[in-house]
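Worksheet for the structure shown next.
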There are 2 protein chains.
Amino acid sequence: MDLQVMFDELKTHFGKLISLTPEEFAYVSSHFTSRKFRKHQFLVQQGAPVMHDFFVIKGLLKSSFVNEQGKEHILQLAMEDWWISDYQAYFNQTDATLDITCFEDVEVLCLSLANREKLCSEMHQIEYFFRKKSNAGYIALQRRILSFMNHSAAERYHELLQIYPSLAQRVPKTLLASYLGVSRETLSRLSA
Amino acid sequence: MDLQVMFDELKTHFGKLISLTPEEFAYVSSHFTSRKFRKHQFLVQQGAPVMHDFFVIKGLLKSSFVNEQGKEHILQLAMEDWWISDYQAYFNQTDATLDITCFEDVEVLCLSLANREKLCSEMHQIEYFFRKKSNAGYIALQRRILSFMNHSAAERYHELLQIYPSLAQRVPKTLLASYLGVSRETLSRLSA
DNA sequence: TGCCTAGTGTGATCTACATCACACCAAACT
DNA sequence: AGTTTGGTGTGATGTAGATCACACTAGGCA
């Protein structure tokens with residue numbers, strides 16, 4: 001995809017929370033780099049350093065934790081217009097505990113922690129943007145935790161179908177199961 | 001507790017992430033109000049508006065969701081030096097879906113959303129502070145979700161004892177169970 | 001003094017869900 | 001054309017943990 005088009009996506013995304021002049025946005029975007037990945041490729045790998053936060057332009061990814069027994073738990077799914085990283089490792093600049101992989105060909109814009117902090121310190125609006133984003137993410141995770149405590153597998157599944165219908169169509173059920181913390185067999189037995 | 005002492009706690013707390021001059025801090029603290037609550041009292045009640053984010057000076061509180069069957073799920077526990085609120089309702093200025101109650105006498109400093117946003121827009125350091133706090137909270141919740149997916153009740157319990165030993169001592173097991181998403185009977189059967 | 005409430009332990013039973021095992025199908029590589 | 005890979009369904013069986021029921025203790029309050 002054309003770099004210009006990619007930045008347009010980013011501009012629209014920022015525009016949902018803040019308004020930047022073209023000059024300001026040009027400056028902001030100069031701190032991002034663009035990358036492409038193929039299906040099955042790793043953006044982040046357990047044990048390796050995490051260089052970037054990724055803004056998804058195109059494609060579908062997951063961040064997941066693989067435990068000692070080789071069982072995989074999906075922490076996050078991400079598609080167009082979403083951000084994804086191993087945030088624990090990214091913010092603390094430690095090694096990844098998660099894997100991030102593509103299950104479609106993917107195009108992302110990459111933001112290093114240094115550039116993120118630089119932009120935040122230089123531009124109040126950017127700091128505002130990321131603060132709001134983080135708050136929203138916190139709330140979303142709280143809802144997910146409540147869902148774990150309060151709902152059965154079937155209820156969580158239907159909730160997911162409702163909230164993210166587009167995701168549910170693109171993501172194989174096996175992975176939805178892993179996101180929901182249910183075995184794929186159990187999910188398969190649930191009425192659609 | 002003396003108001004001066006309360007603000008000292010807050011100052012120390014801010015000091016962990018940012019440094020403010022005495023004048024700056026005086027200005028910041030003027031946006032907080034102090035309140036006391038007795039054991040069993042509600043700070044936030046399901047269905048009511050949420051006026052504040054609360055910084056705990058003293059005491060022990062919980063935020064919890066009570067479902068239709070009257071079953072309670074604890075979303076957050078908070079003690080000295082922690083913040084607590086119904087953030088979904090607070091940030092979106094909607095009605096609470098959670099209850100927040102004390103199980104000890106409590107003293108808090110209260111910050112309205114308007115004052116929070118005012119401080120954030122006026123003082124870069126404050127916005128930085130809350131951005132970092134939110135990031136840290138996000139990461140903590142991710143860990144809790146992984147714990148739900150990857151660990152048994154017994155493992156989650158021992159993890160909790162390790163990470164928050166002080167909490168585990170002050171909070172009755174019945175409530176720890178509810179925080180962990182386990183029945184109190186099951187928790188009671190786990191070897192300490 | 002006696003009652004009430006909060007917190008805890010423990011047995012018996014029930015159930016949601018995991019696990020194991022196998023079979024089927026479609027797309028992708030070779 | 002044949003084989004591997006990824007996704008899915010479904011039966012049989014096992015188990016962690018929920019639920020129900022009851023009993024015990026200690027502190028707060030009438």
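For the numbers below, each heavy atom of this structure counts, side chains included, while hydrogens, waters and symmetry mates do not. So that the names make sense, note that chain A is the first sequence line, chain B the second, and so on, each numbered from 1. Everything quoted here is computed from the prediction, not taken from an experiment.
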Quiz item: Which of the following nucleotides, D/dA12, C/dT10, C/dT8, is nearest to the side chain of B/Pro172?
Solution: C/dT8

Quiz item: Of the nucleotides C/dA12, D/dA18, C/dT19, which has the atom closest to the B/Ser183 side chain?
Solution: D/dA18

Quiz item: Would you say A/Thr174 reaches D/dT8's phosphate, i.e. side-chain N/O to OP1/OP2 under 4.0 Å?
Solution: yes

Quiz prompt | Any A/Ser188 side-chain N or O less than 4.0 Å from OP1/OP2 of D/dG9 | solution = yes

Just the rounded figure in Å: distance from [atom2] of [N] to [atom1] of [X].
| X | N | atom1 | atom2 | answer |
| --- | --- | --- | --- | --- |
| B/Leu176 | C/dT8 | CG | P | 8 Å |
| A/His40 | D/dT5 | NE2 | P | 11 Å |
| B/Leu187 | C/dG7 | CG | P | 14 Å |
| A/Tyr157 | C/dC17 | OH | P | 14 Å |
| A/Glu185 | D/dG7 | CD | C1' | 12 Å |
| B/Glu72 | C/dG7 | CD | P | 11 Å |
| B/Lys173 | D/dT25 | NZ | C1' | 15 Å |

Quiz item: Using a cut-off of 4.0 Å on non-hydrogen atoms, how would the nucleic acid contact of A/Lys39 be classed: base, sugar-phosphate, or nothing?
Solution: nothing

Quiz item: Using 30° and 60° as the class limits, which term best fits the ring planes of A/Trp83 and A/Phe55: parallel, tilted or perpendicular?
Solution: tilted

Quiz item: Any salt bridge between B/Arg143 and B/Glu159, counting N to O under 4.0 Å?
Solution: no

Quiz prompt | Basic-acidic side-chain contact under 4.0 Å: B/Asp81, B/Lys16 | solution = yes

Quiz item: side-chain contact (heavy atoms from CB on, under 4.5 Å) between B/Tyr138 and A/Leu141: does it pass, once the steps are laid out?
Solution: CA-CA 7 Å; B/Tyr138 183 86; A/Leu141 290 191; 3.5 Å; yes

